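Worksheet: the structure to be examined is printed underneath.
These numbers come from a predicted model, not from an experiment. In what follows, chains are A, B, ... by sequence order, proteins preceding strands, each numbered from 1.
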Number of protein chains: 4
Amino acid sequence: MSLLGPLFRWDAVDATLSDRAGVQGMLDFEAALARAEGRAGVIPEDAVIAIDACCATDRFDLVALARDAAFAGNLAIPLVRQLRILVREQNEDAACFVHWGATSQDAIDTGLVLQLRAALDVIDAEIERLADALAALAEQHRSTPISGRTWMQHAVPTTFGMKAATWLDAVLRQRDRCASLRDRALALQLGGAVGTLAALGDKGPAVAAAVAEELKLSLPDLAWHAHRDRIAEVATTLGLCVGTFGKIARDLALHAQTEVAELHEPGAEGRGGSSTMPHKQNPVASAVVIAAATRAPGLVATLLAAMLQEDERGLGGWHAEWETLPELVRLAGGALHQVTETIAGLRVDAARMAANLEASQGLVFAEGIQLALAEKTGTSAEALVEAACRRARTEGRHLRDVLAEDPTLARDLPPIELEHLFDLGRYVSVTGPLIDRVLRRHAAANQNRRGRRA
Amino acid sequence: MSLLGPLFRWDAVDATLSDRAGVQGMLDFEAALARAEGRAGVIPEDAVIAIDACCATDRFDLVALARDAAFAGNLAIPLVRQLRILVREQNEDAACFVHWGATSQDAIDTGLVLQLRAALDVIDAEIERLADALAALAEQHRSTPISGRTWMQHAVPTTFGMKAATWLDAVLRQRDRCASLRDRALALQLGGAVGTLAALGDKGPAVAAAVAEELKLSLPDLAWHAHRDRIAEVATTLGLCVGTFGKIARDLALHAQTEVAELHEPGAEGRGGSSTMPHKQNPVASAVVIAAATRAPGLVATLLAAMLQEDERGLGGWHAEWETLPELVRLAGGALHQVTETIAGLRVDAARMAANLEASQGLVFAEGIQLALAEKTGTSAEALVEAACRRARTEGRHLRDVLAEDPTLARDLPPIELEHLFDLGRYVSVTGPLIDRVLRRHAAANQNRRGRRA
Amino acid sequence: MSLLGPLFRWDAVDATLSDRAGVQGMLDFEAALARAEGRAGVIPEDAVIAIDACCATDRFDLVALARDAAFAGNLAIPLVRQLRILVREQNEDAACFVHWGATSQDAIDTGLVLQLRAALDVIDAEIERLADALAALAEQHRSTPISGRTWMQHAVPTTFGMKAATWLDAVLRQRDRCASLRDRALALQLGGAVGTLAALGDKGPAVAAAVAEELKLSLPDLAWHAHRDRIAEVATTLGLCVGTFGKIARDLALHAQTEVAELHEPGAEGRGGSSTMPHKQNPVASAVVIAAATRAPGLVATLLAAMLQEDERGLGGWHAEWETLPELVRLAGGALHQVTETIAGLRVDAARMAANLEASQGLVFAEGIQLALAEKTGTSAEALVEAACRRARTEGRHLRDVLAEDPTLARDLPPIELEHLFDLGRYVSVTGPLIDRVLRRHAAANQNRRGRRA
Amino acid sequence: MSLLGPLFRWDAVDATLSDRAGVQGMLDFEAALARAEGRAGVIPEDAVIAIDACCATDRFDLVALARDAAFAGNLAIPLVRQLRILVREQNEDAACFVHWGATSQDAIDTGLVLQLRAALDVIDAEIERLADALAALAEQHRSTPISGRTWMQHAVPTTFGMKAATWLDAVLRQRDRCASLRDRALALQLGGAVGTLAALGDKGPAVAAAVAEELKLSLPDLAWHAHRDRIAEVATTLGLCVGTFGKIARDLALHAQTEVAELHEPGAEGRGGSSTMPHKQNPVASAVVIAAATRAPGLVATLLAAMLQEDERGLGGWHAEWETLPELVRLAGGALHQVTETIAGLRVDAARMAANLEASQGLVFAEGIQLALAEKTGTSAEALVEAACRRARTEGRHLRDVLAEDPTLARDLPPIELEHLFDLGRYVSVTGPLIDRVLRRHAAANQNRRGRRA
């Protein structure tokens, strides 16, 4: 147990990366290898039966495995040794055919790939759920005005639906990246001692093809023992995903500030409280997601740095991956789940959004006024509107009122035109068609997916 | 000038990322925007002509640009200001239509995308050259024995052609990643102040489509001002590439060691010398590539960390990208060029490879002997061969001789069989078909490419 | 020139790290080496004179140096070659005594250390200026109430002077770290080919001591060619500093938000404008500092990763340092200067601080009320105050009014006591003595420093 | 349990960072706070007794703690709640005085500091053991010749004692850094909700001083809730340490290569074997240490990136520390222990060192010959010796023999002088005094330490 596990991680992803799942992944490899070698006539059929029967995590002593791995330098050595003992109890002659022609890394890497496949399945499904929740937000708030903010300052108005659509747009790209990752990353590792499968003679390629088939993994042209781009790409892809989750969480945290208060995380009683301040409702999910986004880049960097693995098997670089990649997958899973739950239950305060827009004294309309004026008077418009903005700010007045006082401006922008320029509707209406683009893309992908399943 | 530029970088990539190229990129955006707005009837045609005519870097004062950017906070603000002045000189009324409806980030990001496209063109071509050089090596040395090494120790024999094919295999994957990156990353940025193009009213989408057409960039559904996954994916993809280049360079450096001496960088007279030791021939290219591979992960991490950009435009995160991504592209370009030159001129010492294999007293054949014995005697083979290896090592004798003394072994493995197990040919022959797989993939891609060009 | 240089860097630090300063650093080493070897009788006195006279950057061809370094693999090789030619023109016999007994890395590393010393001098002085500005803020605003914020939510009241004192407290720690760094990091590098100075026979130690004396650098027990902890510690120390600058800038950016508006960067006319929105006053300095703080961790990580340098001189790791450390120093310098200028000219809106405190409906006093109540009624106080907070929030009323309605509470907390619990003075008064602690530490350090200078 | 824990970590450090130790750290804080508040008259004495009695991890439900922390957002909230319930069972009135005036972060941070102190104690002691082992190696091999290697190529001869002394020199610097870290980092955290201890009125400072005294921690001027340089400096210091351990391990791995074979890790039977190759003796410890050194930079970067914590308590940055710092400490502990065990039992093959030196055909003496010749003939010596080296290499002859053939050279360097230049003794003798410097520093520190203990 880890005390902070439930805060930072998500059961559904965690389960795929547990110690037990890791051992079973290696055993699934060993069993598939035996079956494939049986099919190719490399090892006797009764050895296959004996090996296959023993490849169940429950029969292994994990404490001994951990202890012996510290001595041997990897998990596969003691695992193969325990497996041989189990097989021998059943069939003395079969024991020597355990792990036949393979190397430790074949078992470890293929086991990892099996775990990653399971984890990515869970992640893909949750990304769909996040996309659905964002699409619903975008649809629902397509006409809810909110201040667009740049450099953390009010800029010009937009809609909250547009904001949600922009989040969705990024999430859909991440979903696509995860999908295209699978083909490349979920590949069998089987090369024997140095990647040539020499121990299997000319039957190496056939055995490898059969193992890939058994495990439903793609069959690479060559073993990739010391070329870790597949592994590293899992990391970079998840790193990109977590970056997007973090961006959404940063936005949520900013909008949840006391002075802004436009968005709030779904609050169960007592969620986000304080050990001392009874009024607190801290945005816990945002903190968890931002924490993950703070940690992911360092983990990705580690996996990139670990790519310089020597010759046919690295010394140190490979070992640096073992805990780093699962940790990254777990953090990504935790962040994804938290952001999904938060978006799905997000409390939106449209009235506060309107009030905040109003509070910046019409300055959010300054760009539009300047452009309207520029069309009539040329580049001098900029200075005029800038000065008016400064006055509005200094004197604490509405920009509309400051501008209304300017006699030259009145000539160029009659009151009715000016009023129109302060109309939020102009800013709201343009977002609808943009939001629809993304919603259509999302709907099409959903339909496509359902089609594939059917 | 930077004193270390020529060492770490490559002119062909550098040229695409120079300050001048950066300014021209933004100006290409401004000109395309004007043309597109002209086509859409948003701005008058003579303004288009005037703006288009002024968008040439030569007419800009770069020193003033740099100075004013420090004050304004970005390059687009002073650039637009200089452009307005130039346009005004030509057509007073046109000046106000410069940059119409766009925001600084539109110019900066689209300019960057144009630069990245040019850089990726150069990189893609050089990766092809690297792949060709690796394919030639793999073909030429398909039967050159070399010791496979795991954990930096002799493992079992393989061929140098197989090693080169494995390098090639990874390089081909990186080429594919770069190709699939282009579609996603080379997208127009055009959203105006907060991504809605509100200043263009209902003509925003049409203008954006026209600008994308003008610049031959893909047209995204939405502006991506504060969603930086496209930018970050350029970084992660190049980070993966540099990892592969670094892995190859690490291998080269190891094989160039005085005691190993199997591979040598192409040596021009005096290349890799020392300021004090006249006998030195240092592997300079490997050092440069490993240096790039040491630096890239930190830069990738920075770009991932920078993804948490606030609301509709980030504060700090966006700015963190500006120098980091070009730096990464430059380092990737430099590393790629060095590794390509090195592979293209690599000096291979096949005799030394054979001698080194021989020097480890037959231990590289231990796995094969154990497996052969195991088929006959079961799991006891392991202990027997392990003991023989230990004796060979301790007594400095050849494993063949140690084994020949063992009476029980002689029974199970008659001398003629034993001799066969020490035959390098068994290890060489299996690599041919594997090498061919990769060569075929490479040839097919080349043909495909030529087809596309024709 | 780099277009973004003036935005992200600071002339005063940049000058110490220019290409010219780098060449002069190596030449200063070569001259000092010659003088020291003259004093030790290792080389003839007229050679010393000739060498010393030629060690001026102006006499060197930097373009050729850059070109030749790309070929040789480092800058010292072509530098020594150019120096020999210059010396030979003056004294044929002296030329061979250039760089006598030293290795390239001796010149490069010692040159770098000399540059770092100059850069740290500038940085130390600016940190003092920052500390002075923070001390002034802390003093001036010792009684200016502001909402303390945790998790980006109003917590309990504090003073802005306390906030500034806390910033100062961290800056003083960073100043101390920079000071203690100097002793360790600013050490001579002189070991000859492999660190033993064998080429100087038994005169090696004496020559090294004399060079250290000439250059006023500390003399290490051993050369540290492949042990880079000194270099890496410069990086980690600056990384820590930039983290503190970034924390301050993050606070400034948050307080400058439109809805908060408590602090504003000193605004020159047009500083932080927009290319399209005339009302914008973007916090440019905060963005620059946050950008530096986003970039620094990756650079620090690179220098830590580069520590694994092989044997007596690394291959790749050393080279990874060459551009990375200067870049980090430059970014640290730029960030420091921006944060100092901003703090020195910070515009503080105390009225807005008070208004924001008031706007959260008395919730910031909830902790104090709960504790007061708990002393009388035990742990049930928590639930009672929590419920009142919830009601205040839901109904948009002041906590005082909600509490005043509760008949049971009135018994335990009579109106006069309750009123007292809503008194800001209780929160303001406790900060004075805390602020004074830090101000005293700052004043003592200043006095100490003046003492050392006198 | 984690399957890879025993491989990558070390029990002695791990124990200080376990979940149980974490909970006890927070409880030690709560108990000390109660005692201090009792001494200051802030809470009643019988509350102190009740609270103190309950602060034992065994009485807490850790599973519930983990579950509730996921909901509350930190561990202190549910911990305080459980503690209140335990106290209430004992003394109804005391329960409300649990955690009086403190905030969650006070408990979490101070608890962490207590854990770090325990971990650093273990690490410091092991660094001493490593230093002792290195000193023994340096002493023992002060006259064992070995080839110095630069850029992974033979350079000039040195001694293995010198190499060990250089390792020791770096380790002693790291020991000093760890020592100076303690004063800065091991500071009490106690500030209440926003760092002012307002809830304690004017007794805040006295309570804080008393808690620091109770826990034997240094008392900072101010709380440091959102200023994380202390925490980050623990990370950077350990990052530097791990860099040095990694450098040593990289050297060990290189010297253990089959072709070099000068150093071997202490080999227990079966340590570093292979799942398939019976002859393998993989350098497991080196791999573990290099893996740690590959992972540490990313973790350090994370802690630096996490420094930008908002206002009086960060959102996300603080949370990013919680698992990252303990992970780094564990990896540092594991790496340190492995490197110490390896150095303590290192198998040194002096004969092989001599043989390898001999195998590079005298080229390692080229620098010395060139310098000797240069003194007589000036700068032309360089070209002459360089040419001779090339010939030696090309023709596979000893440099001595090539030089002996050169008639002009014979005039300048008579055979007896030439012979002297090929004498290893010249290179060995210079290292003794250098080694002694470091050994003396080590001995002095040891004596000093013993003095302090006595």
Side-chain angles (χ1 to χ4, degrees), chain A residues 84 93 95-96 148-152 155-156 158 162 166 169-170 173 193-196 198-199 204-205 221-222 227 229 232-233 236 239-240 243-244 246-247 250-251 254 293 297-298 300-301 304-305 307-313 315 367-368 371 374 378-379 427 430-431 433-434 437-438 441, chain B residues 84 93 95-96 148-152 155-156 158 162 166 169-170 173 193-196 198-199 204-205 221-222 227 229 232-233 236 239-240 243-244 246-247 250-251 254 293 297-298 300-301 304-305 307-313 315 367-368 371 374 378-379 427 430-431 433-434 437-438 441:
Chain A
R84 281 211 180 107
D93 293 341
C96 76
R149 292 169 176 98
T150 62
W151 296 68
M152 298 171 74
V156 311
T158 181
M162 179 71 184
T166 312
D169 189 36
R173 286 194 296 277
V194 298
T196 63
D221 281 351
L222 300 183
H227 284 274
D229 52 288
E233 193 187 5
T236 57
L240 290 168
T244 290
K247 186 271 185 286
R250 173 69 53 89
D251 282 357
L254 287 167
V300 173
L304 290 172
M307 286 180 72
L308 276 67
Q309 298 188 10
E310 294 83 4
D311 296 319
E312 280 69 43
R313 182 150 319 126
L315 186 144
E367 183 206 30
L371 290 172
T379 51
Y427 295 90
V430 291
T431 68
L434 296 171
R437 289 185 183 184
V438 187
R441 193 160 104 244
Chain B
R84 282 211 178 108
D93 293 342
C96 75
R149 292 168 175 98
T150 61
W151 296 67
M152 297 172 75
V156 312
T158 181
M162 179 71 183
T166 311
D169 189 37
R173 285 194 296 276
V194 298
T196 62
D221 281 351
L222 299 185
H227 283 275
D229 52 287
E233 193 187 6
T236 57
L240 291 168
T244 290
K247 186 272 183 284
R250 173 69 53 89
D251 282 357
L254 287 167
V300 173
L304 289 173
M307 287 180 71
L308 276 67
Q309 298 187 11
E310 293 83 5
D311 295 317
E312 280 67 45
R313 183 148 318 124
L315 186 144
E367 182 206 30
L371 289 173
T379 52
Y427 295 89
V430 291
T431 68
L434 295 171
R437 290 183 184 186
V438 186
R441 192 160 104 247

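Ranking B/D93, B/V156, B/V300 against chain A, the residue ahead of the rest is B/V156, based on heavy-atom pairs under 4.5 Å. Heavy-atom pairs under 4.5 Å with chain A were tallied for B/T158, B/L434, B/V438; the largest tally goes to B/L434. Across B/L254, B/T431, B/D169, the residue that shares the most heavy-atom pairs under 4.5 angstrom with chain A is B/D169. When each of A/A293, A/G368, A/A301 is checked for heavy-atom pairs under 4.5 Å with chain B, A/A301 comes out on top. In terms of heavy-atom pairs under 4.5 angstrom with chain A, the leader among B/P297, B/A193, B/G378 is B/P297. For the set A/R250, A/R173, A/Q309, the entry with the most heavy-atom pairs within less than 4.5 Å of chain B is A/R173.
Between atom CG of residue B/L315 and atom CE of residue A/M152 there is a gap of 6.0 Å, rounded to the nearest 0.5 Å. Rounding to the nearest 0.5 Å gives a distance of 4.5 Å between CZ of A/R441 and CG of B/D221.
At a 4.5 Å heavy-atom cutoff, the contact between B/E310 and chain A is made by backbone and side-chain atoms alike. Contacts of A/R149 with chain B are made by both backbone and side-chain atoms, with heavy-atom separations under 4.5 Å. Using a 4.5 Å cut-off between heavy atoms, A/L371 touches chain B through backbone and side chain atoms alike. For A/T166, the parts lying near chain B are the backbone and the side chain together; criterion is any non-hydrogen pair under 4.5 Å.
When all heavy atoms are compared, the tightest approach of A/D229 to B/A170 is OD1-CB, 4.1 Å. Here the closest heavy-atom approach between residue B/P205 and residue A/R437 is recorded as CB-NH2, 3.4 Å. The two residues B/L308 and A/G243 make their nearest non-hydrogen contact at CD1-O, 4.0 Å. Nearest approach of A/E312 to B/G148, heavy atoms of both residues: OE1-CA, 3.5 Å.
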Practice item. Take A/M162 and B/T196 through the side-chain contact (heavy atoms from CB on, under 4.5 Å) test and state the conclusion after the steps. Key: CA-CA 8 Å; A/M162 179 71 184; B/T196 62; 4.1 Å; yes
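In this structure, the side chain to side chain contact (heavy atoms under 4.5 Å, CB included) partners of B/L240, at least two apart in sequence or on a different chain, are A/A232, A/E233, A/T236, A/L304, A/M307, B/Q174, B/R177.
No donor-acceptor pair closer than 3.5 Å links the side chain of A/D311 to the backbone N or O of B/T150.
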